[in-house]
Amino acid sequence: QVQLVESGGGLVQAGGSLRLSCAASGRTFSRYAMGWFRQAPGKEREFVAAISRSGGTTYYADSVKGRFTISRDNAKNTVYLQMNSLKPEDTAVYYCAARAVGGSSAINPYEYDYWGQGTQVTVSS
């Protein structure tokens with residue numbers, strides 16, 4: 001089992017940047033593929049980005065491709081989401097998630113086993 005804690009959210013102007021972090025407990029972090037999702041008020045949770053266990057493969061939603069970068073540091077049990085050129089439509093609660101079994105290309109929330117509590121990102125226009 002793994003526990004996830006997100007941080008780094010906040011209020012930023014359009015065009016600005018934020019870096020989210022997700023710290024994982026335990027000594028088996030490298031066994032989990034990791035993902036970031038977001039959920040805006042009144043909308044379903046949607047896929048943002050995912051990364052393989054080694055960090056060598058990444059996947060992005062079309063809406064963030066070229067602006068967001070997912071990375072991980074297995075020595076620090078942490079996954080990151082660097083968000084640049086932020087837009088008001090990026091406003092949401094951002095969640096990190098861990099997947100114990102299966103590949104790293106999972107884009108559906110039900111494919112992930114563990115979730116953090118979320119961190120709010122608000123982009124003002």
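Worth knowing before you read on, the calculation uses all heavy atoms, side chains too, and leaves out hydrogens, waters and symmetry mates. Predicted model only: the values in this text are computed from it and were never measured.
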[Y] and [X], any side-chain heavy atoms less than 4.5 Å apart:
X      : Y      : result
Lys76  : Phe29  : no
Tyr59  : Phe47  : yes
Tyr112 : Phe37  : yes
Gln13  : Ser124 : yes
Asp90  : Arg67  : yes
Val79  : Ile51  : yes
Cys96  : Trp115 : no
Gln39  : Glu46  : no

How many angstroms lie between OH in Tyr114 and OH in Tyr32, if you round to the nearest 0.5 Å?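 Reported value, rounded in 0.5 Å steps: 4.5 Å.
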If you measure from CZ on Arg19 to OG1 on Thr69, what distance do you get to the nearest 0.5 Å? 11.5 Å
Ile70, Tyr95: one ILVMFWY side-chain cluster at the under-4.5 Å cut-off? no
Are Val123 and Val93 grouped together when hydrophobic residues (ILVMFWY) are joined by side-chain heavy atoms under 4.5 angstrom apart? no
Ala50 and Ala106: which non-hydrogen atoms are nearest, and at how many Å?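 Answer, listing the atom of Ala50 first, then Ala106: CB-O, 4.3 Å.
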How close do Ala24 and Leu4 get, counting heavy atoms only, and between which atoms? CB-CD2, 3.7 Å
Side-chain donor or acceptor of [X] paired with backbone N/O of [Y] under 3.5 Å:
X      : Y      : value
Gln117 : Val5   : no
Ser25  : Gln3   : yes
Ser52  : Thr57  : yes
Arg99  : Val101 : yes
Thr91  : Thr122 : no
Asn108 : Tyr110 : no
Asp113 : Ala100 : yes

Please tabulate, one pair per line, all N/O donor-acceptor pairs under 3.5 Å involving side-chain atoms of residues 80-89, not counting sequence neighbours.
unit_1: Gln82; atom_1: NE2; unit_2: Asn84; atom_2: OD1; d: 2.9
unit_1: Asn84; atom_1: OD1; unit_2: Ser17; atom_2: OG; d: 2.9

